[in-house]
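Take a look at the structure set out below.
Computed from a predicted structure; not experimentally measured. Counting from 1, the numbers follow the sequence of the chain as shown.
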Amino acid sequence: MGDDHGAKLVKSLRGAAHKYVGVGFFLGFFLVLLTYFTLSEQFAIAAPNAIRRTSAAHPTPTAPAVAEKTVQKQQQLPVIKEEAPLPEHEQVQEKPPPVDEEPHRETEEPNSETEEDPKPSDDATKIVTTAEESAPAKKPACDIQGPWASDVCDLAGGSGGVRIHGSTHTVLVPPTIESGGSNPNPQEWRVLPYSRKHMSGIKEITVRELPSAADAPRCAVTSQVPALVFAMGGLTGNYWHDFSDVMIPLYLQASRFDGEVQLVVTNIQPWYAGKYRHIIARLSRYDVVDMDKDDQVRCFPSAVVGIRMHKEFSIDPEKEPTGHSMPEFTKFLRNVFALPRAAPMRVTARLISDKKPRMMIISRRHPRKLVNIAEVVALAKRIGFEVVIGDPPFNVDVGDFAREVNAADVLMGVHGAGLTNSLFLPTGAVFIQVNPFGKMEHIGEVDFGTPAVDMGLKYMAYSCGMEESTLVDTLGRDHPAVKDPESIHRSGWSKVAEYYLGKQDVKLDLQRFEPVLIKAMAMLRE
């Protein structure tokens, strides 16, 4: 009994030993595989780092030749990148580098120059040569400025010159000789030749590039001077818009030609051409072409299509065409009309009775009339001014009234187109704008305040209170236009114009206004 039990136990232990040996062998084999894959992954991850450490910044001590070769390659590549621009079609699509990368690029260039001059490889030389021989990116003929600023096209003549067919409002541009006499990708633009881009009632001009000179129509009339195409209509008829919308932008485009340019005008206004004939004659020595009625193909060596306003009734020297200013423009006007005074009278502490500074008050005969003008004149005389009333009719010759304004040292008036005559004041004169009641200060500042400062005038603004407006009498104190002007502004421009520009006159509070005139006299002493 005991022997049988022992034999069974030995047999059982042998079976268990065989079983566990098999399990141990299996586990050991699995651990070996796991170790192999782990080491393989670590080696694969570590290997690239080991390769990158062989660089100019961290060369390995055992491979100096490889490090030196790497330094040379790194020095050569930036040179190729700077001297070899991308092909033209790639330059158009490439975005410019961020501004903050500019200093980094500047600091790299001197370093490459102070290192030993590595000889670029033959391949690098070929790349640079090819890039230098490639043509630069073509500048578009038309400068498109987005949804508000007007567009201007500056057109080179090409083979046989720019063709203008007036009655179809089309300008055709053959390819230039520099381009090989062909244009494989001709473009077309539609341009409104007026300073306000979305002005209604003015026809667009189609500017079309031609594939080849053979596509250009024959010239019926050939001019020896460039053409300047623009529109005379729009908001002209208002004295302020005559200058802000047309004459100042026209001057900006035409002055560079020094009279050697022909004006091609769409939507021509005979009254405008007559009223401002002296200014137009100074900008161009040639007859004005009525574009809308001209059925001939005219050829010009080059052309500009469109005029551009820098800002309302003024010039920004930083904007294209650059380098112009309002003092330059007002000096131009003084030359056109032979105005004698470039500076106002300087007032001394003791005034001579027969030599007083002159104040001109612009009179209005329609809304925003100065109701108590006689009392204002008496106040100004008491302070020491000689006073004249300026009341130019619409059809008066501009030059005649310009000479009257130029004789003044102070110009004063209620906000309106008549204050456009500030253009003829001598530089340094005093300009007083009376802003009518109704929170009209911002409009006054944009239309005349900022331009006056740009002209070099000494500018002051006076804002009327509620009691100085006739709206109190005509509408009553409880009307929204009287008690809540902001609500009228929220209603839109039409309501603002209706009440504050179209329905009120002004009666100045002499006690409030007197310090303004005293200050004007003091400004002439400065």
query: Is there a side-chain contact between Val171 and Ile205, using heavy atoms and a 4.5 Å cut-off?
result: yes

field: Test side-chain hydrogen bond (donor to acceptor under 3.5 Å, both in side chains) applied to Ser244 and His241, step by step
entry: CA-CA 5 Å; Ser244 184; His241 285 287; 5.6 Å; no

- prompt: Does a donor on one side chain sit under 3.5 Å from an acceptor on the other, for Tyr499 and Gln504?
  reply: no

task: Could you tell me whether a side-chain N or O of Arg163 sits under 3.5 Å from a main-chain N or O of Pro217, the two making a donor and an acceptor?
output: yes

- prompt: What do you reckon, is CD of Glu188 surrounded by more than 12 foreign heavy atoms closer than 6.0 Å?
  reply: yes

query: Can you check whether Ile202 reaches Met232 side chain to side chain, under 4.5 Å on heavy atoms?
result: no

- prompt: Ignoring hydrogens and geometry, is there a side-chain-to-backbone donor-acceptor pair from Arg341 to Ala407 under 3.5 Å?
  reply: yes

query: Can you tell me how far the CG atom of Leu283 sits from the CG atom of Leu228, to the nearest 0.5 Å?
result: 9.0 Å

field: Salt-bridge contact Arg308-Asp143 (side-chain N to carboxylate O under 4.0 Å)
entry: yes

message: Between Thr450 and Phe313, is there a side-chain heavy-atom distance shorter than 4.5 Å?
response: no

- line: Correct closest heavy-atom pair for Tyr239 and Ala417 would be CD2-O, 3.6 Å

Side-chain donor/acceptor of His489 to backbone N/O of Lys495, under 3.5 Å: no

task: Please name all residues satisfying side-chain hydrogen bond (donor to acceptor under 3.5 Å, both in side chains) with Asp447, sequence neighbours left out, ordered by chain then number.
output: none

query: Does the side chain of Asn335 reach to within under 4.5 Å of the side chain of Arg282, using non-hydrogen atoms?
result: yes

field: Verdict with reasoning, Tyr251 to Phe243, per ring pair (Phe, Tyr, Trp, His ring centres under 6.0 Å)
entry: CA-CA 10 Å; Tyr251 170 81; Phe243 280 91; over 10 Å; no

message: Distance check, rounded to the nearest 0.5 Å: Tyr462 atom OH versus Gln433 atom CD?
response: 13.5 Å

Matching residue for Met291 among Ile268, Leu263, Val229, Val265 - test: side chain to side chain contact (heavy atoms under 4.5 Å, CB included): Val229

- request: Take Ile279 and Phe337 through the side-chain contact (heavy atoms from CB on, under 4.5 Å) test and state the conclusion after the steps.
  value: CA-CA 8 Å; Ile279 304 177; Phe337 297 114; 3.7 Å; yes

- prompt: Who are the ring-ring contact (aromatic ring centres under 6.0 Å, His included) partners of Phe257, not counting sequence neighbours?
  reply: none

Glu404/Arg358 salt bridge by N-O under 4.0 Å criterion: no

task: Please test Asp505 against Arg368 for salt bridge (Lys or Arg N to Asp or Glu O under 4.0 Å), starting from the C-alpha separation and ending with a verdict.
output: CA-CA 4 Å; Asp505 291 326; Arg368 283 164 286 141; over 6 Å; no

- prompt: Side-chain donor-acceptor pair under 3.5 Å between His165 and Asp295, yes or no?
  reply: yes

task: Please report the C-alpha distance between Phe448 and His415 in whole Å, then the side-chain angles of each, then the deciding distance to 0.1 Å, and finally whether the ring pair (Phe, Tyr, Trp, His ring centres under 6.0 Å) criterion is met.
output: CA-CA 8 Å; Phe448 294 107; His415 174 86; 5.6 Å; yes

task: For a salt bridge (Lys or Arg N to Asp or Glu O under 4.0 Å) with Asp391, tell me which candidate from Lys369, Arg365, Arg364 qualifies.
output: Arg365

query: Any donor-acceptor pair under 3.5 Å linking the side chain of Thr330 with the backbone of Leu423?
result: no

- prompt: Roughly how far, to the nearest 0.5 Å, is CE of Met326 from CG of Leu457?
  reply: 9.0 Å

field: Min side-chain heavy-atom separation Met455-Thr427 under 4.5 Å
entry: no

- request: Could you tell me whether the side chains of Asn267 and Tyr194 share a donor-acceptor contact shorter than 3.5 Å?
  value: no

query: Any donor-acceptor pair under 3.5 Å linking the side chain of Thr170 with the backbone of Thr168?
result: yes

message: If we count only N and O atoms by modelled type, under 3.5 Å, do the side chains of Thr236 and Gln269 hold a donor and an acceptor together?
response: no

query: Would a 4.5 Å heavy-atom cut-off, applied to side chains only, mark Val305 and Val152 as touching?
result: no

- prompt: Does any N or O in the side chain of Glu204 come within less than 3.5 Å of the main-chain N or O of Val191, such that one atom is a donor and the other an acceptor?
  reply: no

query: Just checking, is any N or O donor in the side chain of Ser195 or Asp245 under 3.5 Å from an acceptor N or O on the other one?
result: no

- prompt: Given the rule in the side-chain contact (heavy atoms from CB on, under 4.5 Å) test, do Leu192 and Ser150 qualify, once you have shown the distances and angles that lead to the verdict?
  reply: CA-CA 7 Å; Leu192 196 77; Ser150 54; over 6 Å; no

Asn183 and Glu209: side chain donor to acceptor below 3.5 Å: yes

- line: d(Asp215 CG, Arg208 CZ) to nearest 0.5 Å is 11.0 Å

query: Between the side chain of Gln262 and the main-chain N/O of Asp287, is any donor-acceptor distance below 3.5 Å?
result: yes

- prompt: Looking at Ala429 and Pro344, what are the two nearest heavy atoms and their distance?
  reply: N-CG, 3.8 Å

message: Are Phe300 and Ser223 packed together at the side-chain level, in the sense that at least one heavy-atom pair is separated by less than 4.5 angstrom?
response: yes

- request: Report the distance from atom CG of Asn406 to atom CG of Leu425, rounding to the nearest 0.5 Å.
  value: 8.0 Å

task: Work out which heavy atom in Val162 is nearest to a heavy atom in Ala303; give both atom names and the distance.
output: CG1-CB, 4.1 Å

field: salt bridge (charged side-chain N to carboxylate O under 4.0 Å, His left out): pairs with one or both residues in residues 218-244, sequence neighbours excluded
entry: none

- line: All heavy atoms of Ala342 vs all of Pro426, minimum pair found to be C-CB, 3.6 Å

field: Whether His310 side chain and Asp316 backbone form a donor-acceptor pair below 3.5 Å
entry: yes

field: Glu328 and Lys331 ion-paired at < 4.0 Å
entry: no

query: Does the pair Met360 and Met412 meet the rule for a side-chain contact (heavy atoms from CB on, under 4.5 Å), with working shown?
result: CA-CA 6 Å; Met360 173 178 280; Met412 172 209 152; over 6 Å; no

message: Measuring only between side-chain heavy atoms, which start at C-beta, is Trp189 closer than 4.5 Å to Thr206?
response: no

task: Enter the distance from Met309:CE to Ser314:OG here, rounded to the nearest 0.5 Å.
output: 11.0 Å

- prompt: Between the side chain of Arg403 and the main-chain N/O of Val398, is any donor-acceptor distance below 3.5 Å?
  reply: no

Chi angles and distances behind the side-chain contact (heavy atoms from CB on, under 4.5 Å) call for Asp151, Lys197: CA-CA 7 Å; Asp151 305 325; Lys197 191 166 185 173; 3.0 Å; yes

message: Could you check whether Lys203 pairs with Asp292 (Lys NZ or Arg NE/NH1/NH2 to Asp/Glu carboxylate O, under 4.0 Å)?
response: no

